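Quick notes on the structure that follows.
The structure displayed is predicted, hence computed values, not measured ones. Both counts, for ligands and for their atoms, begin at 1 and track the order of listing.
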Amino acid sequence: MGGPLTPRESAKLIAESSRDVFVDGAGVRRVAELLLPQACGPELQVQAWKALHELNPQAADEAAVNWVFLTDTLNFSFWSESDERRCLVGYKGKMYSGFWSLCAAVNRALDEGVPITSATYYATVTLGQVHHIFRSDTDVPMPLIEERHQILNETGKILLEKFGGSFLNCVKKSGKSAQKLLHLVVENFPSYRDVTNFAGKQISFYKRAQILVADTWGVLEGKGDGCFQDISSITMFADYRLPQVLAHLGALRYSDELLKKLLKGEMLSYGDKQEVEIRGCSIWCVELIRDYLLMLIEKKGAKTSGEINSVLLDYYLWDYARDHRADMKGIPFHRTRCIYY
Ligand SMILES: Nc1nc2c(c(CN[C@H]3C=C[C@H](O)[C@@H]3O)cn2[C@@H]2O[C@H](COP(=O)(O)O)[C@@H](O)[C@H]2O)c(=O)[nH]1
């Protein structure tokens, strides 16, 4: 019996039969037009991973690869009930929220001499230590701390048993194939198995596994062990921010019924039909934006530094969402509490 449909196949299937979420063709074209001037710029290239984000490692060594593995193993569910009351982590004079609060806490721990990125350490780290390492500078803790603790122990033990305690060994086993690395990760690390059912089929989003492959590509600057020949086969990462920004830009639309639910802040469970439609249509939307953007680049004879792929579009749109939080106030994000995104 074969495995689940790939994220791209899953997205196509969902977009074709979705009832509450729609990809808007005109919106897709508008976003591609918005991205065209950036296509030849510094933001839509792999070097941006380091250049634009001060918390990301600037090195391309084994320690940097293990930093990426640790942060992407915990890269889920940072949203809080209200934007006014949320987990914040102060680091080097700056306050960080959301995903960046995780990175700030990791860097703070390393500065304090806690080897949080070492599998030997986090395989047996205690719940009390995890509470301390990921402590918030507000009275709102980081969500799902217990789940993060359990995942650290489980993942650390597997990395020690199967990959000599270093994610670089897993990367080397992939032979510069993004798909091979993706499958090594989901086959060996249970917390990365972001799969569910839709219309009687087993589908996959693999959000954290795909962003782990992409961030490995980023931290290795697309060179050496990170020179993935098939990086363009990785789709956008189906989180809760990209749907929000795609809706804000008019490339994704919700039915009145679903929009009402989201505006009320109603929770959606992982694997719910509407939650799956949001994630699947978002992936498909970015695939179409990429296709249209590549057509525009071709038509205009624009010179890009490297191939424009869904990973670079995702990173750009995610950063765009961060920078336009105020403009997006009226557009809700969907609230699912889970360990997958
Ligand atoms: N689609 C997509 N989802 C992403 C990221 C990232 C971080 N990537 C950066 C790291 C290295 C690169 O330089 C990227 O810039 C986190 N997330 C997800 O967002 C949510 C957190 O959002 P907020 O609450 O606003 O912080 C949560 O589900 C988290 O898993 C991305 O890039 N794409």
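W49 and W67 have perpendicular rings, their planes meeting at more than 60° on a 0 to 90° scale where under 30° would count as parallel. Between Y240 and F333, the ring planes lie tilted relative to each other; the angle falls in the 30° to 60° range. Ring geometry for Y96 against Y91 counts as tilted: the plane angle lies between 30° and 60°, on a 0 to 90° scale.
Only the side chain of I211 comes within 4.0 Å of ligand 1, judged by heavy-atom distances. No part of R208 comes within 4.0 Å of ligand 1, judged by heavy-atom distances. Both the backbone and the side chain of F237 come within contact range of ligand 1, each with a heavy atom under 4.0 Å. Counting heavy atoms closer than 4.0 Å to ligand 1, residue L52 contributes nothing at all. Here R322 has side-chain heavy atoms under 4.0 Å from ligand 1, and that is the only part of it that gets that close.
Within the 4.0 Å heavy-atom cutoff, Y315 counts among the residues contacting ligand 1. Close to ligand 1: R325, with a non-hydrogen atom less than 4.0 angstrom away.
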Verdict with reasoning, F189 to F69, per ring pair (Phe, Tyr, Trp, His ring centres under 6.0 Å):
CA-CA 11 Å; F189 299 99; F69 183 63; 5.2 Å; yes

Apply the test side chain to side chain contact (heavy atoms under 4.5 Å, CB included) to residues Q274 and V21: give CA-CA distance (whole Å), side-chain angles for both, the deciding distance (0.1 Å), then the verdict.
CA-CA 8 Å; Q274 291 177 327; V21 187; 6.0 Å; no

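Residues satisfying the ring pair (Phe, Tyr, Trp, His ring centres under 6.0 Å) criterion with H324, sequence neighbours excluded, are Y320.
The contact set between ligand 1 and Y341, taken as ligand atoms under 4.0 Å from a residue heavy atom, comprises 28 (O). Those atoms of ligand 1 with a heavy atom of K207 less than 4.0 angstrom away are 17 (N), 18 (C), 29 (C), 30 (O). Residue L242 has at least one heavy-atom neighbour below 4.0 Å for each of these atoms of ligand 1: 1 (N). With ligand atoms numbered from 1 in the order given, ligand 1 contributes 24 (O), 26 (O) to contacts under 4.0 Å with heavy atoms of G98. Which parts of ligand 1 touch D215 is read off a 4.0 Å heavy-atom cut-off, strictly below it: atoms 11 (C). Near W49, the atoms of ligand 1 lying under 4.0 angstrom from a non-hydrogen atom of the residue are 11 (C), 12 (C), 13 (O). Close approach of ligand 1 to N56 is summarised as follows: ligand atoms under 4.0 Å from at least one heavy atom of the residue are 11 (C), 13 (O). For ligand 1, the atoms lying closer than 4.0 Å to a non-hydrogen atom of D319 are 15 (O).
Annotation: atom 24 (O) of ligand 1 to nearest protein heavy atom, Y240 OH, 3.0 Å. Summary of contacts: the protein heavy atom closest to atom 22 (O) of ligand 1 is R241 CG, 3.3 Å.
Looking at V245 and M328, their side chains come closer than 4.5 Å, going by heavy atoms from C-beta outward. Put simply, the side chain of Y254 does not reach to within 4.5 Å of the side chain of K261, judged on heavy atoms. Side-chain contact check for S136 versus M142: every heavy-atom pair is 4.5 Å or farther apart. Inter-residue side-chain proximity for F163 and L160 is flagged as unmet; no heavy-atom pair is nearer than 4.5 Å.
A cation-pi arrangement is not found for R193 relative to Y340, the charged atom failing to lie both closer than 6.0 Å to the ring centre and inside a 45° cone about the ring normal.
A donor-acceptor contact under 3.5 angstrom links the side chains of Y341 and T336, judged on distance only. In this model, a donor atom of one side chain and an acceptor atom of the other lie less than 3.5 Å apart for K162 and N188.
Looking at N75 next to ligand 1, an N or O pair under 3.5 Å apart turns up. Among the atoms of D314, some N or O lies under 3.5 angstrom from an N or O of ligand 1. The N/O atoms of F99, backbone and side chain alike, include one that comes under 3.5 Å of an N/O atom in ligand 1. For a threshold of 3.5 Å applied to N or O pairs, the pair formed by S77 and ligand 1 contains no separation below that value.
Each salt bridge (charged side-chain N to carboxylate O under 4.0 Å, His left out) pair with one or both residues in residues 267-289, not counting sequence neighbours, appears once here: R8-E287, D194-R279, K273-E277, E287-R290.
Within the set Q210, Q244, H53, the minimum heavy-atom distance to atom 13 (O) of ligand 1 is found for H53. Taking all heavy atoms of W318, Y340, F76 into account, the minimum distance to atom 16 (C) of ligand 1 is reached by W318.
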